[in-house]
Each structure stands twice: as structure tokens, then as C-alpha cells.
Amino acid sequence: MSQEQFQENDSSVSLDGSDQFAVRQAKLDQLREAGQDPYRSNWAQTHTSGEALELLSEDAEEGPEVSVAGRIVAFRLMGKASFLKIIDRDGKIQSYVRKDEIGEEEYARFKKLDLGDFIGIRGPLFRTKTGEVTIRAKEYGLVSKALRPLPEKWHGLTDNDQIYRQRYLDLIVNEESRKRFQDRSRVIREIREFFWERGFLEVETPMLQAVSGGAAARPFRTHFNALDCDFNLRIALELHLKRLLVGGFDRVFEVGRVFRNEGLSRRHNPEFTMLEAYQAYTDYRGMMELTRSLIQQVAEKALGKLQMEREEGDPIDLSGEWREVKYKDLILEAVGRDDWFELPKERKLEKTKDLGIEVDPELEDFEVTNDVFEKVIEQTLIQPTFVTHIPRELCPLAKITEDDESTIDVFELCINGQEIAPAYSEQNDPFVQREAFMRQVGEETQELDDDFLLALEHGMPPAGGMGLGIDRLVIFLTGASNIRDTILFPTLRPSTEGA
RNA sequence: GGGUCGGUAGCUCAAUCGGUAGAGCAGUGGCCUUUUAAGCCAUUGGUUCCGGGUUCGAGUCCCGGCCGGCCUACCA
């Protein structure tokens, strides 16, 4: 695409300003003819923009000399002096360039720079009459020429398609987007710190798996030529991390990408980032404490707050103890009757109509109830809530609750109306585990992982396990409205034309 | 996959009932030595997403396609 344009835009093209690419390319050619390299290999930086800004204290009018580099994002030219702003990884800083300080010839060349060019600037700091800390340029240099113009400076980039397909443009011009991804990175860093502090070993397990287990989701399939066999991309981390419990790593965690061959929505991307952590000699109660501490510490350290604003409604309050409620009680409250679980399936189905939801009549009894949870209750759980005592049919990898055969030792943490993190008292009885797997194998999305059962037969310590969807966590931590705003390059239909 | 809304200059958006496609920013030329979306004067730039159709005439109406938003479905 751009290759063609390079060939088309030779010197015969008129430079009346109609083709910005051609204008910029002509400027580049002029530089080369004058013996200057428009794509330099280096610039001696002494400070980032943020570091430079800190050098000039509140009351100071002048400061030391700095050398910074970045992309020009604002350019205000005047006859004999100009202001410009560059952006680097820290943010923006203004520079003031005077003809009488850099010389007539240099100033003329300076005026040929474009928005989007990368430049380096060296000079002392001072404060303008409006109080902005600014670099008074003694020297500047073009270090990389931009041939294409930036999006509009005031409105930024709003076309969703372009935001996702050309994320670099979004990051250059949309401040809140840049900040959100910096926050995401800090969140993941603090998650690691949290587990390292507690003696967890960070590990990496296979993404290519012959059998994908640990969740009920359709996998992506691929083919490995060397062995001439098909592999799945992993849908969960669980079964390999548990093998490591068997192997004696009794506190492990992994942060990694999982892939689920399902639909797209504001809450779903086919590849997403999952945290899973397993701690031996504790149970789901221990994981409850761990999960709450994790999210509180991450919010506090990465974002400096425990109250998360939402687009509408009260903020999410992460402080203190969190609400804990039994699955059964939530259901009874939602359906408004005490005998729900005694009703035959047909009566349950009738009742779901009153609740205004559509439920597939082919579903099993417990699935009808779970639809009530997912379609009615879940979205109301805005403040952090641990839902416990979940029916055993919903989860084959957890232990049965001691005093209630019908439920398992599990919690499902809901925040912001979404499931964020489930945690279990992990099943370590190989007989019970095999039986539970066998019941599921008939289902389309389940395969029996014999290799995992073999590992269990060697003995796995009792353990609590937890999984957390990082993307969904970042959604409410950063006030995003869509999972795609938390993923730098979300999955899109491949575009047929160049961007 | 289904429903629905949208796609106009590099970007952000207008365009009446179907009647000459416009503005701001960006660009180009000029003025301007403390600007803050800098200002002033002049000015270039269009396959109106693509392909058909109706019409004297289509950005606008109809059909098909492509891409996207939202809702929905699938979803441990």
C-alpha cells in the first residue's frame, strides 16, 4: 500500500498541500539532498519529559539544561519564535525555539518540521509567563520523520475501527487511552509483586495442548507439522498448574493468555489474559482472603485508590470486608419464593418467564436455575460479592461441601455486574475427580484428560485455587466500558484493504 | 449467527423534500519573539465504503456486498 505510494509520489507531484504524504516526502528528500539523515540512530537524552518538569520547583523561574526527545504533538509557529510540544513515555513537555538562539538557517529548517516528527531538544528550563515549565531550545534535531499526518488534535481519534486497527494513533492522541494501558501494566506488575511476596513461584505452562481442559469452552485448533498431530490452544491454566502441585511446587501462579473459540462482546475477547494461583494446604476460604487482599493491594498500589468510579451509579467500593452470600439465598431472593428448589423443572421454566428472561427448555434443572443467576442476579452484583455454596453440577474440579452434599467449596467473586474470579477447594481425590470428569465428557466442550488423572493418582496436596480475568479486572479498575478498551490489539476481522 | 444503527476531505463533523458536496482542524503561501485548540490574510484537497438499480437528476430512495458500533446469541 504505502510502497505503491512511494513510487507514485516522485518529484513530479505538485506540492500544493493537497497530498500531505507527498509534501512530507518532499521535505524528507530535501533533507537528504542537504546531507542530513531524517532517520537518525540516536539522540543523547538526559531526561524524560516528566523528569524535566520536576527539575523546576514551584517558585523557580529558571532551571538546568536538559536534553529530551519525543514526537511533536503541538506546533505553534511564529515569525521569529515558536512553541511546540513533544510527547514521550512520560507525557508532554513544551519547548520554546527562538530564531536568535538557534540561528536563521536552523530556524528556517525548523519551520519545515511537521506534526508527528520525532525530534530531540536540548536547552535550559524556564517558566513562561503563563507558568508552564518549558525548554528554551539551544539545539534541536530531527531524529525521525513522520510521513503521515496525525489525527485531529482536539477531538482525537473517535473511529472505533481505526482506534483498534491503528492503536498507535489512539495512543498518540488519546490521553485517556494511553493512561489506561499504563495502568493495566501497573496492575499486572502489582499482581506479580503480591504473589512473589507470598512465596508463590511464577511459572509458564503450555499453550499448545493435545487436550484442553480446566474450563468448558470451545478451543481453537491448530496443527503441528513436525509431529503431524492436532493441538488445541489452551482454554485455562488449571490442569498444568495442579500437576505442579503434585510435583511439589506448592504455591504457583501464572499470568497468561488463554483462548476461547466463542463470541465477541463487550465482555469477551477470544484471547484474554488469565491469572491462576494455587496454594497448598488451604481451601477456598483461604483463597477468599487471598483474592480480596490481592485486589485491594493492587488497586491501592497501582492506582492509589479503593473507590472506582463508574459511568453511572455509585462507585465500586473495594475497601474493608466484602459481602458473602450463598448462591441458594440469592436465587430464592430473586425468584421471590422459598420452595424454588423443590419445584419441578416445568414450574421453574414458567417462573423464569415472570422474571423476564428466556430460558432454553432443553436445559437441565440446575442449568435453569443457573440461568436465573447469570441473567438476573449477576448484573446486580456491582459491589464486590463472594457467592458461595454453588451447586456441585456446575463445577467438576472442586471439593464437595462437608455438610451439604449438593454444593461445592467454591466462591465466585462478582464485581461490576460480572464474574471476575472463581476459586475452589481443589478436588484432589482421584476417584471423585474421574467420576466428575466422566459425567462431563458427553458434553461437546469436554474431553477427558487421562494424563491429569494419572498425576492426581500420585497425590496432590489439598489446595485452594483461584482464577482471575485480568481484562475484566482492568475494566472496572480503569473505568473502561468495554473489554476492547483494555486490550491493546483486540481481535478483529482481518481487514481486506490497507488501513 | 440474528436484530439494529452507522461509513462524506488526512482527522472531527455538516449537507433541508432527491436538485451546484461544505465547515473546523491538519496541509500549502504570507504576516507574527511568551503561545496554550495561538491569532490574522489567502489557498489546495472528494471513487460521499464497494457494486447494481430507480430517476431528467442519488451522499440522500431501493437491492446486494464489505467494514464497524450497540443489543442479542454462544460463553465454568
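Quantities reported herein were computed from a predicted structural model and do not represent experimental measurements. These values consider heavy atoms only, across backbone and side chains, with no hydrogens, waters or symmetry-generated copies. Below, read A as the first sequence line, B as the second, and so on, with proteins coming before strands; counting in each chain starts at 1.
- Between A/Asn482 atom CG and B/G68 atom P the separation is 14 Å, expressed in whole Å.
- Heavy-atom contacts from other residues, nucleotides or ligands closer than 6.0 Å to NZ of A/Lys375 number more than 12.
- Within the 4.0 angstrom heavy-atom criterion, only backbone atoms of the sugar-phosphate kind lie near A/Lys153; the bases stay farther away.
- With P as the reference atom, B/A38 and B/A26 are 7 Å apart, rounded to whole Å.
- With a cut-off of 3.5 Å on both pairing distances, the Watson-Crick or G-U wobble partner of B/C31 is B/G39.
- For A/Asn160 and B/G68, the CG to P distance is 11 Å, given to the nearest whole Å.
- Nucleotide B/A38 holds its P atom 11 Å from the CG atom of A/Leu77, rounded to whole Å.
- Contact annotation for A/Lys27: backbone-only contact, meaning every heavy-atom pair under 4.0 Å involves sugar-phosphate atoms and none involves a base.
- The phosphate of B/C11 has OP1 or OP2 within less than 4.0 Å of a side-chain N or O from A/Gln162.
- Using a 4.0 Å heavy-atom criterion, one finds that A/Arg493 contacts the sugar-phosphate atoms exclusively.
- Here the separation of B/A21 from B/G46, taken at their P atoms, is 13 Å to the nearest Å.
- Between B/C70 and B/G22, the two P atoms lie 34 Å apart (nearest whole Å).
- Within the 4.0 angstrom heavy-atom criterion, only backbone atoms of the sugar-phosphate kind lie near A/Arg266; the bases stay farther away.
- Side-chain atoms of A/Thr158 stay outside donor-acceptor range of the base of B/U12, with no qualifying N/O pair under 3.5 Å.
- Across all strands shown, B/C5 is found opposite B/G68 as a Watson-Crick or G-U wobble partner, with both distances under 3.5 Å.
- Between A/Phe386 and A/Phe411, the angle of the ring planes goes over 60°, which puts this pair in the perpendicular group of the 30/60° scheme.
- Using a 4.0 Å heavy-atom distance criterion, A/Gly156 is classed as a sugar-phosphate-only contact.
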Report each atom pair, protein N/O against N/O of nucleotides 2-5 of chain B, whose distance is under 3.5 angstrom.
none

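- Atom P of B/U43 sits at a distance of 30 Å from the matching atom of B/G7, rounded to the whole Å.
- Between A/Phe75 and A/Phe110, the distance from one ring center to the other falls under 6.0 angstrom.
- Contact annotation for A/Leu169: no contact, since no heavy-atom pair falls under 4.0 Å across all strands.
- Among the nucleotides B/U34, B/U12, B/G68, the one closest to any side-chain atom of A/Arg165 is B/G68.
- Residue side chain A/Arg136 reaches the base of B/U34 through a donor-acceptor N/O pair under 3.5 Å, judged by distance alone.
- When heavy atoms are screened at a 4.0 angstrom cut-off, A/Lys99 is found touching no nucleic acid atom at all.
- Annotation: B/A58 and B/A42 have their C1' atoms spaced 34 Å apart (nearest Å).
- When Watson-Crick and G-U wobble pairs are counted only if both distances are under 3.5 Å, B/U12 pairs with B/A23.
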Under the side chain to side chain contact (heavy atoms under 4.5 Å, CB included) criterion, do A/Phe476 and A/Ile415 qualify, and how do the steps go? CA-CA 8 Å; A/Phe476 78 81; A/Ile415 308 182; 3.7 Å; yes
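- Nucleic acid contact for A/Ile390: none, since no nucleic acid atom lies under 4.0 Å from a heavy atom of the residue.
- Below the 3.5 angstrom threshold, one finds a donor paired with an acceptor across the side chain of A/Gln94 and the base of B/U35.
- The interatomic distance linking A/Leu84 (CG) with B/U33 (C1') rounds to 15 Å, in whole Å.
- Across B/C13 and B/C32, the matching C1' atoms stand 30 Å from one another, rounded to whole Å.
- Between the OH atom of A/Tyr164 and the C1' atom of B/C70 there is a distance of 11 Å, rounded to whole Å.
- As judged by a 4.0 angstrom heavy-atom cut-off over every strand, A/Phe126 is placed among the base-contacting residues.
- Taking each heavy atom of A/Leu294 and A/Leu468 in turn, the nearest pair found is CD2-CD1, 4.1 Å.
- Donor-acceptor pairing under 3.5 Å, judged by distance alone, is present between the side chain of A/Glu152 and the base of B/G24.
- Summarising the geometry, the separation between CG on A/Leu157 and P on B/G7 is reported as 17 Å, rounded to the nearest angstrom.
- Side-chain atoms of A/His268 and base atoms of B/C75 include a donor and an acceptor less than 3.5 Å apart.
- The environment of A/Lys145 atom NZ is dense: over 12 non-hydrogen atoms of other residues, nucleotides or ligands sit within 6.0 angstrom.
- Following rounding to the nearest Å, A/Leu150 (CG) and B/C11 (C1') show an atom-to-atom distance of 10 Å.
- Here A/Glu374 lies out of heavy-atom contact (under 4.0 Å) with every strand.
- Heavy atoms of A/Asp159 sit under 4.0 angstrom from primed sugar atoms or phosphate atoms, though from no base atom.
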